[in-house]
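Here the structure is laid out as structure tokens; the discussion comes afterwards.
Hydrogens, waters and symmetry mates are skipped; everything else that's a heavy atom, side chains included, is used. None of the values given here were measured: they were computed from a predicted structure.
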Amino acid sequence: MSSTPDIALPDDLLPRDGRFGCGPSKVRAEAIDMLSGSAGHFLGTSHRQAAVRFKVGELRNGLAELLSLPDGYEVVLGNGGTTVFWDVATFGLVEERSQHLAFGEFSSKFATAVRAAPHLGEPEVISAEPGDHPLPVASPGVDAYCLTHNETSTGVAMTPVRPDGADPGALVLVDATSAAGGLRLDASQVDAYYFAPQKCLASDGGLWIAALSPAAIERVERIGAAGRWTPASLDLGIALENSRKDQTYNTPALATLFLAVEQVGWVLENGGLEFAAGRCDRSAATIYDWADAHELATPFVTDPAKRSHVVATIDFDDRVDAAQLAAVLRDNGILDVEPYRKLGRNQLRVALFPAIDPDDVAALTRCVDHVLGLLV
Ligand SMILES: *Cc1c(COP(=O)(O)O)cnc(C)c1O
């Protein structure tokens, strides 16, 4: 491992905020100020009382508006983040057999959870190489199609749509952890759109949140009525009952809840999902156009239609040591642009989430140019 060259970036080149990580990701300073201003009557108070229940209600209603959920969809939440939601869905949403699109680290994990479950059949897995995504294929007997809106490990996004010819009643379950609130969505195409708030919602980790369609809710109730054994903390029926009362089954992370509500409110005040997605579009155009034009950089995802507007992955020429570049940037307060460790490429990965200022993404490209000018 080479040592990091001592390079100080000029102040006027630096982004105003140096947080470009894909999760936990940048939390807006205004939201943190609001949290500390409200701390005295919010943090450290009972989640069974009005102040916290009101926040849960605000989050549920705000997300329904942000995601334009059709009538009958409900927002449910619980503790543990997306990884725990995979277990929740393994118990409460997959009836018999699921199909999974695997095109990176995160999209592969749900299939692993299902495969290990003794109460479910062997899942179908359709894979694509990192940098690409497969499409779902209607398959008799599959009752849950499991997609990923944005594969955070590779920077590939796909449009969640119901597969043509799927069995009637089959559900579409979408991991939207790094997409929800940043990428456009037609919610009528999905039955469970689930995520955690430490990415586009500019909050902290620890919660899972799921928008469930009436068909998904019916599935949860049917599996519950059939008596499938489910640990209470993973029981989507119990989570649904609690969410309807603006509560969680056990104590939620209150600061996480608060910051998520702040972000949803900020996006809604500024025009809703179109505002957020528009900011991500601008950041994406900035970084991909820069890389396309660069002698030493190339967008990792070759098909422009599959390039994520919330997570950019940029490959570098062999003359550049991207790890060293990331280390120099880190020394200058530009954080977490290292590549996803398991992808193992000579690459930078940059979050373009709505809270991240598109002007800061432009500043980041100028900082990279400056460092490359000295190193190469
Ligand atoms: C971050 C991420 C996860 C994991 O979320 P946790 O809350 O840490 O469990 C899952 N899926 C995707 C697509 C992610 O980006």
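- Closest approach of I287 to A312, counting heavy atoms only: CG2-CB, 3.7 Å.
- Every pair tested for ring pair (Phe, Tyr, Trp, His ring centres under 6.0 Å) that includes a residue from residues 341-376 fails, sequence neighbours excluded, so the list is empty.
- Nearest heavy-atom pair, L66 versus G181, reported as atom, atom and distance to 0.1 Å: CD2-CA, 4.0 Å.
- Side-chain atoms of R307 come within 3.5 Å of backbone atoms of V301 as a donor-acceptor pair (strictly under, hydrogens ignored).
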Anything under 3.5 Å between a donor and an acceptor, one on a side chain of residues 193-202, the other on a protein residue two or more places apart or in another chain? List them.
from	atom 1	to	atom 2	distance (Å)
Y193	OH	H149	ND1	2.8
Y194	OH	W86	NE1	3.1

Distance-only check: which donor-acceptor pairs under 3.5 Å involve side-chain atoms of residues 270-285, not counting sequence neighbours?
from	atom 1	to	atom 2	distance (Å)
N270	ND2	W266	O	2.7
E274	OE1	R184	NE	3.1
E274	OE2	R184	NE	3.4
E274	OE2	R184	NH2	2.8
R279	NE	P354	O	2.6
R279	NH2	P354	O	3.2
D281	OD1	H309	ND1	2.8
D281	OD2	R184	NH1	3.2
D281	OD2	R184	NH2	2.8
S283	OG	R279	O	3.4

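- Under 4.0 Å is where a charged nitrogen must lie from a carboxylate oxygen, and between R330 and D336 at least one such pair does.
- With sequence neighbours excluded, no residue forms a ring pair (Phe, Tyr, Trp, His ring centres under 6.0 Å) with Y249.
- Remark: P5 engages I7, Q324, V328, L375 in a side-chain contact (heavy atoms from CB on, under 4.5 Å) (not counting sequence neighbours).
- Looking only at distances, a side-chain donor or acceptor of S153 sits under 3.5 Å from a matching main-chain atom of E105.
- The pair D143-R219 meets the salt-bridge criterion, with a side-chain N (NZ, NE, NH1 or NH2) lying under 4.0 Å from an Asp/Glu carboxylate O.
- With hydrogens and angles ignored, the 3.5 Å screen pairs a side-chain donor or acceptor of Q99 with a backbone N or O of V137.
- Note on D191 versus R162: salt bridge recorded, some NZ/NE/NH1/NH2 to OD/OE distance being below 4.0 Å.
- Remark: A253 pairs with T256 by the side-chain contact (heavy atoms from CB on, under 4.5 Å) rule, at least two apart or across chains.
- Annotation for S139 and E124: closest pair OG-OE2, 2.6 Å, computed over non-hydrogen atoms.
- Residue pairs meeting the ring pair (Phe, Tyr, Trp, His ring centres under 6.0 Å) criterion with at least one partner in residues 13-69, sequence neighbours excluded, are F42-F258.
- Smallest separation of non-hydrogen atoms from V310 and S308: N-OG, 3.0 Å.
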Please output the side-chain donor-acceptor pairs of residues 112-119 that fall under 3.5 Å, not counting sequence neighbours, one pair per line with the distance.
from	atom 1	to	atom 2	distance (Å)
T112	OG1	S108	O	3.1
R115	NE	E122	OE2	3.2
H119	NE2	T90	O	2.9

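- Shown here for C367 and L13, the closest heavy-atom pair between the two residues is SG-O, 3.3 Å.
- The side-chain hydrogen bond (donor to acceptor under 3.5 Å, both in side chains) check on S68 picks up nothing, with sequence neighbours excluded.
- Rounding to the nearest 0.5 Å gives a distance of 5.5 Å between CG of D317 and CG of L296.
- A side chain to side chain donor-acceptor pair (under 3.5 Å) check over residues 225-244, counting only residues at least two apart or in different chains, returns the pairs E74-R244.
- When the ring pair (Phe, Tyr, Trp, His ring centres under 6.0 Å) test is applied to Y340, the partners found at least two apart in sequence or on another chain are F106.
- Sequence neighbours left out, the pairs with a member in residues 126-138 that pass side chain to side chain donor-acceptor pair (under 3.5 Å) are D132-K306.
- The nearest pair of heavy atoms linking A255 to L43 is N-CD2, 3.9 Å.
- Once rounded to the nearest 0.5 Å, the distance linking CG of L364 with CG of L329 reads 6.5 Å.
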